[in-house]
Amino acid sequence: MDENLNEMISDLKSYLEYLKGMGIHSIPASEIEVDKPGPSPVMTLEEVRKELGDCKRCKLHRARRTIVFGEGNESAKLMFIGEGPGYDEDVQGRPFVGRAGQLLTKIIQSINLPREEVYITNIVKCRPPQNRNPEPDEIQSCHPFLMKQIRVIQPKIICALGTFSAQTLLKTDTKITALRGRFYDLEGIKVIPTYHPAFLLRNPERKREVWEDMKKIAEWLNNHERIKESDSI
Ligand code: URA
């Protein structure tokens, strides 16, 4: 078969897969334009939040006070994904606002980005009781919503904070010590795992490695932006 046709079919297949992932199972024939550049977001974060509703899909709903959906820039180039809300987040309904959150804010600012410019969320949106680890069924229930957030935002880079975030996003059980500091791929988005800020509070001597990881992120974003600027001249 002609190479171009093969490519068109493969593009169309990925577009249909993408729509399926967004919960859309049919499209009018007039919308199938194979020469359009990649798929554009068809949902907003507000719509994803609405779909999540007063979620009772897993047992975490029983003890939670608030669903902590996420916050930040809907068009962020950089997204941070943590594990799950803790006490302060559950009370305030915002991600990373406790001690670990304050450290995360500093980490973000260390690469000259204001916190509001990135998007921050978690693998699970409800606080696990006594801050225990999220369980596989809980991670599973939340996963479609996390993927929708990622597909709406379409960041260039996701920084996965800690073991649960890295292992869930990369579908691996490799340890965070081995995963951190390298770029991986998730649907064309770069994923770089690093240590969780709560781990850094207990092990401040590991901050240096996170700094190295943040420098890699900043370097990639700077290069990418420079290339885009020179393209537009
Ligand atoms: N730890 C997390 O993983 N997420 C938060 O939102 C707060 C602490």
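Numbering of ligands and ligand atoms starts at 1, following listing order.
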Any N/O pair Pro95/ligand 1 closer than 3.5 Å: no

Judged by heavy atoms only, the candidate from Tyr87, Phe164, Phe96 nearest atom 8 (C) of ligand 1 is Phe96

Exercise. Taking distance alone, with no angle check, do Gly84 and ligand 1 share an N/O pair under 3.5 Å?
Worked result: yes

From the list Arg49, Glu74, Lys125, side chain to side chain donor-acceptor pair (under 3.5 Å) partner of Gln149 resolves to Lys125

Going by the 4.0 angstrom heavy-atom rule, the piece of Glu83 near ligand 1 is both

Between His224 and Trp220, how do the two ring planes meet: parallel, tilted or perpendicular, split at 30° and 60°? parallel

Could you tell me whether Arg151 and Glu187 make a salt bridge, using a distance below 4.0 angstrom between a side-chain N and a carboxylate O?
yes

**Asked** Given the side-chain rings of His196 and Phe80, with only the six-membered ring counted for Trp, is the space between their centroids under 6.0 Å?
**Response** no

Note to self: Does atom OH (Tyr87) have a neighbourhood of more than 12 heavy atoms from anything else shown, all under 6.0 Å?
What the structure shows: no

Are a donor atom and an acceptor atom from the side chains of Thr194 and Arg180 found within less than 3.5 Å of each other? no

Exercise. Report yes or no: does a heavy atom of His196 sit under 4.0 Å from some atom of ligand 1?
Key: yes

For atom 4 (N) of ligand 1, the closest protein heavy atom turns out to be Asn122 OD1, 2.7 Å

The atoms of ligand 1 lying under 4.0 Å from a heavy atom of Gly82, numbered in the order shown, are 3 (O)

